[in-house]
Amino acid sequence: MKRTVRVNGEPVEPAHGDVVQVGPGVFSVLVDGRVYEARMEGESIVIGGARLSVEVEDPRRLGGARRQTSASGRAVLRSTIPGKVVRVMVQVGQAVVAGQGVLVIEAMKMQNEVKSPREGVVTAVNVVEHETVASGSELVVIEG
Amino acid sequence: MKRTVRVNGEPVEPAHGDVVQVGPGVFSVLVDGRVYEARMEGESIVIGGARLSVEVEDPRRLGGARRQTSASGRAVLRSTIPGKVVRVMVQVGQAVVAGQGVLVIEAMKMQNEVKSPREGVVTAVNVVEHETVASGSELVVIEG
Amino acid sequence: MFRKVLIANRGEIAVRIARALREMEIASVAVYSDVDRASLHVRRCDEAVHIGAAPSRESYLHIERILEAARRTGAEAIHPGYGFLSENADFAAACEAASIVFIGPPSDAIRKMGSKTAARRIAAAAGTPIVPGAEEGLRDAGEAARVARECGYPVMLKAVAGGGGKGMRRVDTPGDLAMAFETASSEAAGAFGDAAVYIEKLIEQPRHIEIQIIGDQHGNMLHLGERECSIQRRHQKVLEECPSALMTHMPELRERMGQAAISAARAAGYYNAGTVEFLVDARGAFYFLEMNTRLQVEHPVTELVTGVDLVRWQIEIAAGGRLPLRQEQVRWNGAAIECRVYAEDPEQGFFPSPGRITHLTEPAGPGVRLDSGVYSGWHVPLEYDPMLAKLAVWAETRNAAAQRAIWALGEYHVGGIETNLRLFPGILRDPAFREGRLHTGFLDEYMARRLAPVITEEAAAVAAQAALAGAAPPAPAIGETRRESGWRRSGRESLLR
Amino acid sequence: MFRKVLIANRGEIAVRIARALREMEIASVAVYSDVDRASLHVRRCDEAVHIGAAPSRESYLHIERILEAARRTGAEAIHPGYGFLSENADFAAACEAASIVFIGPPSDAIRKMGSKTAARRIAAAAGTPIVPGAEEGLRDAGEAARVARECGYPVMLKAVAGGGGKGMRRVDTPGDLAMAFETASSEAAGAFGDAAVYIEKLIEQPRHIEIQIIGDQHGNMLHLGERECSIQRRHQKVLEECPSALMTHMPELRERMGQAAISAARAAGYYNAGTVEFLVDARGAFYFLEMNTRLQVEHPVTELVTGVDLVRWQIEIAAGGRLPLRQEQVRWNGAAIECRVYAEDPEQGFFPSPGRITHLTEPAGPGVRLDSGVYSGWHVPLEYDPMLAKLAVWAETRNAAAQRAIWALGEYHVGGIETNLRLFPGILRDPAFREGRLHTGFLDEYMARRLAPVITEEAAAVAAQAALAGAAPPAPAIGETRRESGWRRSGRESLLR
């Protein structure tokens with residue numbers, strides 16, 4: 001079964017290296033004698049200090065979630081930890097650029113600005129200011 | 001289900017400590033505020049630098065194999081690695097004491113004397129000199 | 001010497017102290033909250049006492065419960081670590097009242113140095129330079145001009161009631177002062193309902209450099225040199241070093257700052273370990289900032305360079321011991337750099353990332369020291385500071401230490417949660433860092449100028465191949481076709497044990 | 001400086017060298033046999049070349065394949081590590097012929113020092129003391145008496161053809177010599193068909209102490225002091241230290257032995273790192289034993305105490321660099337102890353125990369250096385030396401270092417295979433060890449006198465409880481009744497990832 005793989009949104013022909021699993025989610029890959037180590041971390045693969053978002057066509061393993069950080073499509077911003085929304089800086093329909101602050105969450109005694117991962121339009125704002133959110137809550141959806 | 005536990009061959013009333021698993025086969029146990037860490041290593045439990053052989057009545061997990069190193073019953077001496085038997089020092093029917101040399105195996109360029117774990121009588125010698133043995137082979141059985 | 005010591009802390013520093021106690025053959029008592037039963041610091045102690053719920057005020061900040069744990073276990077002394085109760089004068093006093101030795105300075109010294117304004121006054125009286133200026137509001141532009149002249153330009157006008165930049169004005173020349181004073185005053189009035197502003201000398205691109213001091217109860221005190229702590233984010237230190245690159249240009253500065261730190265500490269009646277923080281300008285002029293009356297997070301860089309075991313010395317001093325060295329015997333060898341490893345995502349505004357550590361590979365080897373408070377399988381709780389570990393390296397030179405830190409970081413892998421580990425290699429390779437051109441604004445500037453890591457076509461292809469390998473259905477449970485696939489199967493099995 | 005270096009080795013030393021190369025920004029090339037594809041040294045290099053089957057002679061000892069790998073990858077130099085080809089003069093010469101730099105001494109020096117008798121002659125000619133005696137057979141009791149008088153009593157009579165104790169006789173006084181000579185001769189004749197015996201001065205309870213030397217290609221050479229290596233089993237070192245406790249009683253001995261080592265090395269035309277081994281008696285008399293013309297396994301203890309990065313220096317010297325220090329600039333600080341961690345079972349006659357590492361917890365923290373060649377999930381192959389790692393610690397004093405090693409060992413856990421880790425704490429606590437009363441027979445004596453660890457009733461009860469917990473059926477996949485059981489379930493899940 002030939003499966004398409006996208007790396008940072010672009011289709012990529014997989015290498016034909018010698019792959020060995022050397023730990024949970026850790027692969028040692030030799031390509032023409034060059035040594036690589038690829039670590040699956042959350043929704044990305046880390047290789048040589050760089051973090052790449054990788055989508056495999058097969059939806060069972062690496063689909064879905066991957067989309068969230070890819071360069072186009074639908075980005076769902078979620079809260080990674082429980083916290084309190086202290087400020088919402090966007091509204092539905094608003095255009096945002098990559099890196100633009102979207103809202104501020106307070107957690108672990110720190111205020112943290114959640115930024116848009118890319119350019120797009122806000123299609124949903126699911127929280128209001130002063131609301132307490134659980135880990136994994138959908139906060140804002142950006143499409144573009 | 002109340003199960004009998006033997007430690008180094010003696011029945012022991014299990015502690016009623018607070019047990020937390022902190023790794024594969026590793027347990028942190030608090031007994032009256034004292035901290036213990038028990039590690040299951042092969043057929044024993046290591047605790048505070050001491051190695052204890054432990055048998056649980058339940059045969060699914062800790063039976064069988066445990067018997068091999070316990071103070072009474074049947075001890076099966078096995079080769080832990082592939083090697084060559086260079087000398088057999090006992091024969092069937094011979095009485096042996098704990099620590100007595102039983103045979104010599106050569107492996108990884110070293111000659112190693114396999115010793116009886118305890119007192120007993122040799123009931124089987126399953127190898128001959130110069131024989132090559134695989135890992136896990138039954139070499140000698142001692143009962144007593 | 002004590003027979004038993006309670007550690008009133010958690011995380012890596014509690015592990016650090018437990019190791020020192022083991023080394024000294026002193027029994028150690030951990031305390032733990034509801035969420036810390038399985039924490040590493042509990043596993044590394046001889047005894048452990050549950051002291052309450054997860055929120056710090058019900059456990060690690062609860063003075064009475066900690067004292068009760070000490071009494072119940074017969075601990076003769078308490079080491080507070082850093083954070084939590086370590087700079088709480090009431091706690092130190094409560095220990096003293098309970099005849100339990102507080103491993104740190106006397107409560108009185110904590111109290112004196114705990115107030116920033118009192119500390120400033122004590123330091124100034126002891127002859128330690130402070131940032132020139134007036135802490136009280138200025139009557140008018142005329143008084144402002146007089147104070148500014150005393151401080152020397154440039155100066156900052158700051159709102160007495162203020163914060164967040166409102167009512168702040170930089171003034172570079174006397175001619176600009178009157179206008180700036182009026183603007184700052186009206187801005188302050190508008191923002192805070194209080195027009196009062198004060199003046200402070202502006203230290204341009206200051207370094208944050210601190211001096212480690214340590215004194216015994218017999219009147220001996222020495223300094224162990226400086227730590228360069230300029231790489232900060234929101235006043236949170238991120239990477240620290242010893243020595244400071246500044247000292248290589250100004251070799252006499254260490255001793256001058258060291259003596260200034262000792263003077264300030266002596267004036268407060270200090271003993272045990274403490275740290276005096278300074279702002280230092282590019283010409284080596286230094287100004288007392290505050291004193292931390294406890295062990296510092298970044299103490300390992302001093303230990304690596306001086307060979308002194310600060311925690312051991314703390315305990316020995318608390319037990320009445322004398323300093324084993326005189327000032328002239330202290331030596332600084334090589335260079336050390338520490339990276340603070342946090343459970344936070346540098347790509348998401350350093351958002352905290354608690355959760356379960358599903359995989360952990362820790363660096364080791366020549367010159368690598370890791371002070372970690374976590375292990376594989378452990379859940380990083382969200383109730384406390386998200387620092388996981390401190391990776392410190394030592395090498396013969398600063399450049400070698402930076403290179404060493406880079407490979408050590410490359411070997412470090414924390415799976416399951418986000419960490420700031422990938423932030424450091426870029427800093428360590430940054431030309432301004434390598435040249436030692438540091439100041440407290442360094443990190444913000446670096447974050448703005450840093451480049452995304454280069455992703456080669458081959459790396460992308462390897463990532464694609466690894467993704468396919470990771471997405472492949474598990475290998476059959478029996479039968480190996482080649483060694484590698486057998487490894488994979490067995491690796492999985494072994495992890496199931 | 002080189003742009004690319006091949007590492008002709010495996011295991012922890014290959015990892016050590018790869019780290020040094022990373023630090024120096026030199027590309028590293030690993031070589032690996034069939035069973036080493038997943039080995040740590042491959043993972044830690046930039047490139048890797050498969051060189052053959054598992055048996056060393058088809059891979060790590062195969063000169064042509066290693067040179068071919070270097071040529072193919074464009075490596076300009078080869079670091080041989082220790083063992084394998086590191087002391088093979090033919091390999092060094094083949095590198096020289098192929099214009100690939102051998103990171104080590106010239107092939108000629110390896111050849112000279114490779115023959116024990118030639119090395120002895122070179123050392124003696126250079127004025128380095130050797131064990132007095134005659135290496136050739138003695139004609140009669142009369143000649144024996146003359147040689148014995150020259151050596152000084154006690155002496156050993158040894159069979160020229162011999163080994164294993166046959167034909168060996170200790171003689172304490174001249175009056176016993178004639179009788180002993182006859183007995184030894186006839187025993188030798190019976191055992192080996194050759195009656196020839198020779199005499200060697202008996203060094204009673206000798207220490208095995210070695211001196212690290214290092215020289216550049218410009219005629220500079222210095223010593224980095226001694227390593228105490230007396231704790232051995234079957235001539236295999238088990239635990240090494242720097243400094244030797246002997247030097248604390250005889251502070252001038254280090255310099256005398258150091259200069260003797262330098263003389264011997266200079267006489268052989270040596271450069272790069274090397275080690276001169278000596279037997280040393282209780283009065284500090286020392287005798288040249290042999291020279292190891294390579295990096296030593298136990299080099300970390302010297303690095304910890306002197307601050308020198310020996311591998312880095314080796315590479316810089318091979319590239320034509322000069323020694324960065326003069327002898328008088330070398331400093332020895334504190335004390336370091338190294339424990340060699342083997343996959344072997346001390347309770348079963350040190351039987352090797354290869355296999356899969358199912359769980360690995362490695363020690364870290366202040367003063368702890370771990371040079372490891374393994375990781376969790378990796379299979380220790382049975383084809384090679386079963387050394388897994390070296391745990392070295394540094395502390396201000398020898399006693400503190402011993403205490404530090406004890407807690408570090410306590411944190412070290414290798415699951416799935418047997419190791420000798422539990423051998424060390426007893427040695428480190430042994431009063432004779434603490435007093436520094438070491439000699440090459442120490443370990444055998446210790447093994448005979450050591451006590452089984454005390455097992456308290458409570459520990460036994462805890463073991464029983466843990467066994468029950470380990471034997472319990474897995475917790476249900478959903479639903480937590482309390483935090484701990486939730487941990488257990490989730491821990492299991494996370495390990496399944």
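Only heavy atoms go into these numbers, but all of them, side chains included; no hydrogens, no water, no symmetry mates. Per chain, numbering begins at 1; letters A, B, ... match sequence-line order.
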Closest heavy-atom pair and its distance - D:Ala461, B:Val12: CA-CG1, 3.7 Å
All ring-ring contact (aromatic ring centres under 6.0 Å, His included) counterparts of D:Phe84, not counting sequence neighbours: D:Tyr60
Shortest non-hydrogen contact from D:Ala467 toward B:Val56: CB-CG2, 3.8 Å
Closest non-hydrogen atom pair, B:Ile47 against D:Ala463: CD1-N, 4.0 Å
Atom pair CD (D:Glu347) and NZ (B:Lys115), whose distance is rounded to the nearest 0.5 Å: 10.0 Å
Which atoms of B:Val26 approach chain D - backbone, side chain, both or neither, heavy atom under 4.5 Å: side chain
Per-residue contact mode, D:His359 against chain B (heavy atom under 4.5 angstrom): side chain
Listed once per pair and sorted, the salt bridge (charged side-chain N to carboxylate O under 4.0 Å, His left out) pairs that draw on residues 399-408 of chain D, sequence neighbours left out: C:Glu23-D:Arg404, C:Asp309-D:Arg404
Greater than 12 external heavy atoms within 6.0 Å of B:Arg87's CZ: no
Residue pair D:Leu468 / B:Pro14: nearest heavy atoms and the distance that separates them: CD1-CG, 3.6 Å
Smallest separation among heavy atoms of B:Val7 and D:Ala464, with atom names: CG2-CB, 4.2 Å
side-chain contact (heavy atoms from CB on, under 4.5 Å) between D:Gln465 and B:Phe27, intermediate numbers included: CA-CA 10 Å; D:Gln465 188 181 9; B:Phe27 297 89; over 6 Å; no
Donor-acceptor pair, side chain of B:Glu41 and main chain of D:Gly416, under 3.5 angstrom: no
Polar contact flag, side-chain donor to acceptor under 3.5 angstrom, B:Glu37-D:His413: no
Chain B contact via D:Tyr412 - side chain, backbone, both or neither, heavy atoms under 4.5 Å: backbone
Portion of B:Arg34 that has a non-hydrogen atom of chain D nearer than 4.5 angstrom: side chain
D:Arg449 atom CZ, neighbour heavy-atom count above 12 within 6.0 Å: yes
